[in-house]
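A short write-up of the structure that comes next.
Here, residue 1 is the first one in the sequence, and each next residue gets the next number.
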Amino acid sequence: LTPLSSCFVAGIQMLSVQPDTKPKGCAGCNRKIKDRYLLKALDKYWHEDCLKCACCDCRLGEVGSTLYTKANLILCRRDYLRLFGVTGNCAACSKLIPAFEMVMRAKDNVYHLDCFACQLCNQRFCVGDKFFLKNNMILCQTDYEEGLMKEGYAPQVR
C-alpha cells in the first residue's frame, strides 16, 4: 500500500509579503500577489486561493505542507492516493483497503484499523499494547501465551 513512485511531492511554504518589494506574479491566475501572505510551491508563487487540488478544490496551504503532482495535476494527498495509490487486501477480513485509508501493519500484513484486533478473542489493541504474529494471525499477549502453554512451551519473561 505505497503510492506510485513517479509522482513529485513538493513542500508548501507560507511567506509574508514584504511591503517594500515588487509584487510577485501568481502561477495560478497570473495576477500580481498583493495579499499579506503568499504561498511558495514548485518554485513558484501563488495566492492562497489559487493553490488548490485539481480534484476536490481544497486550498492546499490549509490542508498541509505538501502537495503531490502527477500527470500535470496538482493534488492533495488524499486525492493523489485515491487516483494513483495502490490498494491491497486486509490480512484479517480479506476485503479491499483503499489506498487513502489509514492502516496498521505487522510485518508483511496490512489491516484495516477496525480489523487490527486479536483474531481469537477480538480484543482491540491500544497504543502500547503488545501483540504477536503467529502463523499469520494477530494475537493478544494472553492468547499467545496460552497457545504456547498448549504446545508445551513456557513463554520467556524478560
Give me the atom names and distance for the closest heavy-atom approach of [X] to [Y].
{"X": "C29", "Y": "C26", "result": "N-SG, 3.5 Å"}
{"X": "D79", "Y": "C55", "result": "OD2-CB, 3.3 Å"}
{"X": "L51", "Y": "A41", "result": "CD2-CB, 3.9 Å"}

- For D143, all residues meeting salt bridge (charged side-chain N to carboxylate O under 4.0 Å, His left out), sequence neighbours excluded: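 Applying salt bridge (charged side-chain N to carboxylate O under 4.0 Å, His left out) to D143 gives none.
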
- Item | Separation between CG of L42 and CD1 of I74, rounded to the nearest 0.5 Å |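 The distance works out to 5.5 Å.
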
- Message: Distance check, rounded to the nearest 0.5 Å: R78 atom CZ versus E101 atom CD?
- Response: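 So the CZ of R78 and the CD of E101 are separated by 9.0 Å.
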
- Message: When you group the ILVMFWY residues by side-chain heavy-atom contacts below 4.5 Å and let the links chain together, are L83 and V9 in the same group?
- Response: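 Both belong to a single hydrophobic cluster.
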
- Are T66 and Y68 close enough that some pair of their side-chain heavy atoms sits under 4.5 Å apart?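 Yes, close enough: below the 4.5 Å cut-off.
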
- Just do the side-chain contact (heavy atoms from CB on, under 4.5 Å) check on C76 and L60 with the steps written out, would you? CA-CA 6 Å; C76 66; L60 294 172; 3.6 Å; yes

Output side-chain donor-acceptor pairs under 3.5 Å for residues 110-136, partner residues at least two apart or in another chain, one line each.
from	atom 1	to	atom 2	distance (Å)
Y111	OH	N109	ND2	3.1
H112	NE2	L96	O	3.3
Q119	OE1	I138	N	2.7
D129	OD2	C126	N	2.7
N136	OD1	N109	ND2	2.9

- Message: Among L15, I12, I33, exactly one meets side chain to side chain contact (heavy atoms under 4.5 Å, CB included) together with L39. Which residue is that?
- Response: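 Filter result, single survivor: I12.
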
- Within residues 31-60 or reaching into it, pairs that qualify as side chain to side chain donor-acceptor pair (under 3.5 Å) - sequence neighbours excluded: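 Matches after skipping sequence neighbours: D49-R59, R59-E62.
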
